Amino acid sequence: MEKQSVQMLEFPQKGDGRGQLVIVEGGVDIPFDIKRIFYIYGSDSEVVRGQHANKRTEFVLINVSGQSKVRVKDGRGNEAIFALNRPHTGIYLPKMVWKDMYDFSEGSVLLCLASEHYDTEEYIRDYDKFVELISGGQG
Ligand code: TYD
């Protein structure tokens, strides 16, 4: 699968009388191999999470239960808001985009698939620094 820009993805579902089964295969349904998963629950509508960019890691975020929103900024003045509100859709986030996750509904479980193991050094947590790196062409 080719590398892509920020976009919503729809995953294959196998539904039958027993319920739904959603399939997410690394390198097939998402454009990277999955090295790490983590999930976020217990956040509420007041909380803003994320607030960082990553130098190397790509993510796919799926609200497997409940809802949340993701605000994405490219550091060049463009931003977009995506609603994560269906368990068979997700958002693909390439490296070097700023993301805020917020407006978590009660019972929200936000599943995050990542292309890299955790490395605090590749997280950019200062927005001005992020803009500087983007304008310096290092993104
Ligand atoms: P944080 O980056 O604040 O989460 P979010 O961006 O989703 O709001 O991470 C919270 C804490 O968990 C922080 O101490 C770093 C740690 N952490 C790991 O150890 N491994 C991981 O894969 C992630 C995502 C976070």
Side-chain angles (χ1 to χ4, degrees):
M1 207 169 172
E2 269 176 54
K3 295 295 172 194
Q4 298 169 344
S5 49
V6 173
Q7 65 183 270
M8 293 299 299
L9 303 175
E10 188 159 337
F11 304 118
Q13 281 199 105
K14 301 273 186 188
D16 60 29
R18 298 169 299 164
Q20 300 294 333
L21 185 152
V22 180
I23 301 141
V24 184
E25 288 200 50
V28 177
D29 304 299
I30 64 172
F32 57 79
D33 287 329
I34 300 160
K35 280 202 185 152
R36 170 168 56 119
I37 73 165
F38 54 96
Y39 43 94
I40 294 168
Y41 67 96
S43 296
D44 64 25
S45 61
E46 306 295 311
V47 164
V48 181
R49 301 198 61 121
Q51 300 189 284
H52 55 62
N54 293 75
K55 289 181 186 168
R56 290 189 290 113
T57 307
E58 303 162 63
F59 295 92
V60 167
L61 310 187
I62 305 165
N63 240 117
V64 292
S65 178
Q67 308 183 13
S68 68
K69 293 197 180 84
V70 188
R71 182 187 302 108
V72 183
K73 296 181 187 175
D74 69 356
R76 297 185 168 90
N78 303 304
E79 72 172 63
I81 293 170
F82 297 83
L84 301 180
N85 53 17
R86 289 179 300 164
H88 69 291
T89 63
I91 185 169
Y92 169 70
L93 302 170
K95 64 181 183 175
M96 288 305 279
V97 294
W98 190 266
K99 52 256 180 194
D100 299 327
M101 294 89 85
Y102 65 104
D103 209 7
F104 296 90
S105 69
E106 203 179 325
S108 169
V109 182
L110 180 61
L111 175 64
C112 306
L113 312 177
S115 66
E116 308 296 333
H117 293 296
Y118 186 66
D119 173 10
T120 189
E121 296 296 312
E122 64 102 25
Y123 277 69
I124 307 162
R125 294 187 180 276
D126 181 288
Y127 187 73
D128 292 339
K129 175 78 180 163
F130 168 64
V131 171
E132 201 181 299
L133 286 172
I134 288 288
S135 22
Q138 293 172 48

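Both counts, for ligands and for their atoms, begin at 1 and track the order of listing. Everything numeric in this text was worked out from a predicted model, so none of it was measured.
Taken together through direct or relayed side-chain contacts under 4.5 Å among Ile, Leu, Val, Met, Phe, Trp and Tyr, Tyr41 and Leu113 form part of one hydrophobic cluster.
Grouped with Ile23 in one hydrophobic cluster are Leu21, the linkage being side-chain heavy-atom contacts under 4.5 Å among Ile, Leu, Val, Met, Phe, Trp and Tyr residues. Leu93 forms part of a hydrophobic cluster together with Val6, Met8, Phe38, Ile40, Val47, Phe59, Leu61, Val70, Val72, Phe82, Leu84, Ile91, Val97, Met101, Phe104, Leu110, Tyr118, Tyr123, judged by ILVMFWY side-chain heavy-atom separations under 4.5 Å.
Classification of the Trp98-Tyr127 ring pair by plane angle, with boundaries at 30° and 60°, yields perpendicular.
A pairwise comparison of heavy atoms in Glu116 and Arg56 identifies OE1-NH1, 3.6 Å as the closest pair.
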Polar pairs, ligand 1 vs protein, N/O only, below 3.5 Å.
from: ligand 1; atom 1: 2 (O); to: Arg125; atom 2: NH2; distance (Å): 2.8
from: ligand 1; atom 1: 4 (O); to: Arg49; atom 2: NH2; distance (Å): 3.3
from: ligand 1; atom 1: 6 (O); to: Gly50; atom 2: N; distance (Å): 3.4
from: ligand 1; atom 1: 6 (O); to: His52; atom 2: NE2; distance (Å): 2.8
from: ligand 1; atom 1: 8 (O); to: Arg49; atom 2: NE; distance (Å): 3.0
from: ligand 1; atom 1: 8 (O); to: Arg49; atom 2: NH2; distance (Å): 3.3
from: ligand 1; atom 1: 8 (O); to: Gly50; atom 2: N; distance (Å): 3.0
from: ligand 1; atom 1: 22 (O); to: Arg36; atom 2: NH1; distance (Å): 2.5

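The salt bridge (Lys or Arg N to Asp or Glu O under 4.0 Å) analysis of residues 60-75, with sequence neighbours excluded, yields the pairs Lys69-Asp103, Arg71-Glu79, Arg71-Asp100.
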